[in-house]
2 protein chains.
Amino acid sequence: MTGSANDEATLPLKVWLALFSNVRQIEWLIRTNLRESFGSTLPRFDLLSQLYRVADGMTMSELSTRLMVSNGNVTGLIARLVAERLVSRVADPQDKRIQRVALTPKGRRVFETMIPANQAWVSAAMAGVPRDDLVELQALLQKLKVSVSGAVQMHKAGEVPGDQDGPPWAAP
Amino acid sequence: MTGSANDEATLPLKVWLALFSNVRQIEWLIRTNLRESFGSTLPRFDLLSQLYRVADGMTMSELSTRLMVSNGNVTGLIARLVAERLVSRVADPQDKRIQRVALTPKGRRVFETMIPANQAWVSAAMAGVPRDDLVELQALLQKLKVSVSGAVQMHKAGEVPGDQDGPPWAAP
DNA sequence: GTCATATACTTTAAGTATGAAATGTATTGG
DNA sequence: CCAATACATTTCATACTTAAAGTATATGAC
């Protein structure tokens with residue numbers, strides 16, 4: 001009695017549209033505020049936040065994977081951040097193909113001023129939702145992420161002919 | 001007993017990160033599949049889906065608002081879709097500032113082949129989540145949207161000095 | 001050692017996105 | 001009527017993004 005047969009088929013799509021709509025609006029807020037308050041952008045912020053979490057930096061590929069963007073994109077983004085002296089990029093002496101990237105002291109300092117502002121923007125956007133609902137929402141999103149990540153992995157595995165013999169997440 | 005004092009402050013941020021992560025991955029799936037199956041892109045798809053819902057088309061501003069993208073972006077996107085004969089664009093005879101944009105028969109036909117595919121991709125990504133969880137998730141996302149939309153409206157109102165006398169959503 | 005192959009990254013070309021300024025078109029108050 | 005103002009869109013410069021092709025380096029078979 002909670003839904004027709006048609007709901008069954010379109011329910012995931014409705015959830016997707018609701019997810020997308022929320023993210024699009026929150027992204028708009030963060031992007032606008034980053035520009036107005038710091039003269040920065042969301043891609044830069046995402047990149048800095050990844051580097052902020054680790055002590056000894058990351059490789060370009062690691063960044064590319066974590067941000068789910070192309071390798072070429074990371075190259076350009078890092079080049080601009082290096083030009084702004086927020087990020088350092090040094091070739092690995094052991095393996096000269098690898099570029100190791102890290103926050104500079106300036107980069108760390110700048111990012112730390114952005115953290116509380118970002119938190120305030122997001123909190124303000126969600127201020128109309130009771131705490132309990134947010135707790136529940138987070139739990140459901142965690143469940144969803146498991147399912148979605150599986151689908152992404154499956155798609156990636158299907159595209160690579162030389163990878164048939166079982167990635168770690170596949171059942172034996 | 002369900003959380004420390006620190007959770008209280010970071011809870012919205014955690015919800016945001018979970019939202020963002022899910023959307024990023026689902027977007028990746030849709031974008032990849034659109035390319036592989038239809039040689040198309042997500043921005044084009046979003047634009048077509050907006051036009052698909054209305055019978056008599058839309059103005060550029062309306063598209064810009066609904067998609068939450070800049071006016072300049074819509075101009076370029078529409079130009080490419082017009083070149084592909086998926087969309088028609090005609091100047092309004094009453095008000096020559098206005099461009100009225102609509103799907104062509106070809107555009108409608110093409111988009112209709114994309115609908116079931118898109119639904120299948122999203123369903124597959126969410127296949128690991130029980131139906132009841134999806135129902136609840138949708139309800140919570142609807143609540144969130146109200147809060148977020150209010151924050152967006154407030155930000156937009158704050159930026160325009162000539163708009164002090166209350167938009168429709170403001171309390172009287 | 002040498003060659004094939006894989007890996008890490010960069011470059012390229014096309015497309016997508018932004019904000020600001022410019023353009024052209026109504027509308028309105030005097 | 002007409003200047004001021006508002007509005008819809010485009011243009012411009014720049015930034016971000018992707019897929020695909022290219023470069024350089026490493027690794028392993030032989």
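All chains are named by letter (A, B, ...) in the order of the sequence lines, taking the proteins before the strands, and each is independently numbered beginning at 1.
- Residues meeting the ring pair (Phe, Tyr, Trp, His ring centres under 6.0 Å) test with B:W121, sequence neighbours left out: none.
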Produce the list of close N/O pairs, under 3.5 Å, pairing protein atoms with atoms of nucleotides 13-17 of chain D; give distances to one decimal.
from	atom 1	to	atom 2	distance (Å)
D:dA15	O3'	A:R44	NH1	3.4
D:dC16	OP1	A:T41	OG1	2.8
D:dC16	OP1	A:R44	NH1	2.2
D:dC16	OP2	A:R44	NH1	3.0
D:dC16	OP2	A:R80	NE	2.2
D:dC16	OP2	A:R80	NH2	3.0
D:dT17	OP2	A:N73	ND2	3.2
D:dT17	O5'	A:N73	ND2	3.1

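- Distances shorter than 4.0 Å separate none of the side-chain N or O atoms of B:T75 from OP1 or OP2 on D:dT9.
- The CG atom of A:L34 sits 9.5 Å away from the CZ atom of A:R31 when rounded to the nearest 0.5 Å.
- Between A:R100 and A:W28, the one whose closest nucleotide on DNA chain C sits nearer the 5' end is A:R100.
- At a threshold of 4.0 angstrom between heavy atoms, the contacts of A:E27 with the nucleic acid are absent.
- Put simply, the side chain of A:R44 reaches to within 4.5 Å of the side chain of A:L81, judged on heavy atoms.
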Evaluate the side-chain contact (heavy atoms from CB on, under 4.5 Å) criterion for residues B:L19 and B:L141: first the C-alpha distance (whole Å), next the side-chain angles of each, then the deciding distance (0.1 Å), finally the verdict.
CA-CA 10 Å; B:L19 277 170; B:L141 289 172; 3.9 Å; yes

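- Put simply, CG on A:L134 and OG on B:S147 are 8.5 Å apart, with the number rounded to the nearest 0.5 Å.
- For A:D95 and D:dT23, the CG to P distance is 20 Å, given to the nearest whole Å.
- Residue B:N71 is the one, among A:Q94 and B:N71, whose nearest nucleotide of DNA chain D lies closer to the 5' end (criterion: closest heavy atom).
- Along DNA chain C, read 5' to 3', the first and last nucleotides having any atom under 4.0 Å from a heavy atom of chain B are C:dG15 to C:dA26.
- Within 4.0 Å of A:E62, counting heavy atoms only, lies no atom of the nucleic acid at all.
- Note on B:S61: a side-chain N or O is less than 4.0 Å away from OP1 or OP2 of D:dT9.
- In this structure, the CG atom of A:D92 is 16 Å from the C1' atom of D:dT27, given to the nearest Å.
- Rounded to whole angstrom, the span from the CD atom of B:E36 across to the P atom of D:dA19 amounts to 9 Å.
- The aromatic rings of B:H155 and A:W28 sit perpendicular, their planes meeting at an angle over 60°, well past the 30° parallel limit.
- Under the 4.5 Å side-chain criterion, counting only non-hydrogen atoms from C-beta, A:L51 is not in contact with A:R108.
- A:R89 comes within 4.0 angstrom of the backbone, heavy atoms only, and of no base.
- Side-chain contact check for B:L86 versus B:L103: every heavy-atom pair is 4.5 Å or farther apart.
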Going through the checks in order, is the side-chain contact (heavy atoms from CB on, under 4.5 Å) test met by A:V15 and B:V129?
CA-CA 11 Å; A:V15 171; B:V129 181; over 6 Å; no

